[in-house]
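Written out below as structure tokens is the structure these notes cover.
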Amino acid sequence: MTSRTTTPADPATAAYLLGLADDAMVYAQRLGEWLTNAPQLEEDMALANVSLDLLGQARALYPRVGELDGTGRGEDDFAMWRDERDWRNVHLVEQPRGDFADEMARLLWFSTTRLELFSAGASDPVLAGVMAKGVKELGYHVDHAAQWVVRLGDGTDESHRRMQAALDRVAPYVDELFTDDETVLAVPEADRGPLPSQLREHVVRRVDRVLHSAGLTRPEPGAWRAKDGRRGIHSRPMGSLLAEMQYLARSHPGATW
Amino acid sequence: MTTTTRTSPAELEAALRDVPDPEVPVLTVGDLGILRSVAADEATGRATVTVTPTYSGCPATEAIAAHLTYVARRSGWEVDVVTRLDPPWTTDWMSDAGRERLRRFGIAPPGPAAHRDGRSPVELHLTRRVVACPHCGSHDTEELSRFGSTACKALRRCLACREPFDEFKAI
């Protein structure tokens, strides 16, 4: 911001912001993998654009986390030099790129939830700025995902079958988006906006509206549900994601071009 | 040792506003509305330049900051380039001159930005907005892709002259 004041250490807010930043960073990496792999050239560009928007959110948040936790770490320290157990993203975003329909199901849940959270605003000035900016971009992401879900769900028998199967595969990872973990509960209510659990009703209603238009059914999650990403417990694909993402920075520290 | 004559604050601001956007070079950062303010202190020779990105992840942001710093130094000033996200950039800040230059360059200028508070209902139908072709002026155009070659553009084509063209997205 304009004034260079010393920010008092606030580890609770830092931990909360880290989760939001890591969700964006890891999902940006997964979305970037669609380049040259999407069903159309236009979709390569679309998903790369969505990825860039999320990368921008992470880049703005990481230095703020470094300021609030007192370590002074910058964006590369967070993105490139942390090991798996130090990442605080939800499991949904680290899952490997599946069918294109899987990506649209994931993008619909993720961007609808993040849009709902960002619309509420926050008291931290950096987070508030990221949110105000992000609302416009996330709204575009939600629209994009919703239009594909409707097109596929209300398309051919094959596209309908695959879109429904994608929703079923993504379902076990949705619940974690609405889980009140320790990091969010540690932040005073006035500073953080709504709890994840308080977002659920609105998000589900909005997703249901899309699924209804598409002739699709929202699956109820089964007994197994992903959890504990915010505590640094991750699923197997996270390791190879980090290996690829961090390879260059770790093999050639300080490399520039 | 060489000394550069320092320009006046007004001249500095004019020079900074004239820096071109690296991806759409017919537009200046002044036209785009991403240069938010220049606070120049004549006593110290330092200026604080506040910019806002078009999109959170816009890769041009760093090139723009470097170019602003270069132009300021050439004018005898030292600058701090500060990025501010809030209030978020809107295409409504684009100047009329900038819009006309975009059109002549072959990019349809943005329409009025839709108010989006994040809680409006999701649009589920493929809507047809009326966008004039920057080449022939026909309104008979269609959207090919909601995302274009950069974050700020969408891709359309003209059904009258058959030319594809970029549209600057209204946000």
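Being a predicted model, the structure only gives us computed values, none of them experimental. The sequence lines fix the lettering, A, B, ..., with proteins before strands; numbering per chain opens at 1.
What you find for S56(B) and K133(A) is that their closest heavy atoms are OG-CG, 3.3 Å. Nearest heavy atoms, P88(B) versus A132(A): CG-O, 3.6 Å.
The backbone N or O of L144(B) sits nowhere less than 3.5 Å from a side-chain atom of E42(A) that would complete a donor-acceptor pair.
Atom CG in L155(B) sits 6.0 Å away from atom CE in M45(A) (nearest 0.5 Å). Distance check, rounded to the nearest 0.5 Å: NE2 of H141(A) to CZ of F147(B) gives 5.5 Å. The line from CD1 of I171(B) to CD of E137(A) is 6.5 Å long, rounded to the nearest 0.5 Å.
Note on E62(B) versus R59(A): salt bridge recorded, some NZ/NE/NH1/NH2 to OD/OE distance being below 4.0 Å.
Applying the 6.0 Å contact sphere to CD of E201(A) captures no more than 12 heavy atoms from other residues, nucleotides or ligands. Within 6.0 Å of atom CD in Q198(A), more than 12 heavy atoms from other residues, nucleotides or ligands are found, so the atom counts as buried in its surroundings.
In this structure, chain A has a heavy atom under 4.5 Å from the backbone of T54(B), while its side chain stays farther away. With a 4.5 angstrom heavy-atom cutoff, T150(B) touches chain A only via backbone atoms. Contacts of P87(B) with chain A are absent, with no heavy-atom separation under 4.5 Å from either backbone or side chain. Within the 4.5 angstrom heavy-atom criterion, no atom of V149(A) approaches chain B.
For the set L52(A), L138(A), L55(A), N49(A), the entry with the most heavy-atom pairs within less than 4.5 Å of chain B is N49(A). Your options are L47(A), D53(A), V50(A), and the one with the most heavy-atom pairs under 4.5 Å with chain B is D53(A).
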Intermediate values then yes/no, side chain to side chain contact (heavy atoms under 4.5 Å, CB included), R146(B) and Y140(A):
CA-CA 9 Å; R146(B) 291 160 48 77; Y140(A) 211 77; 3.6 Å; yes
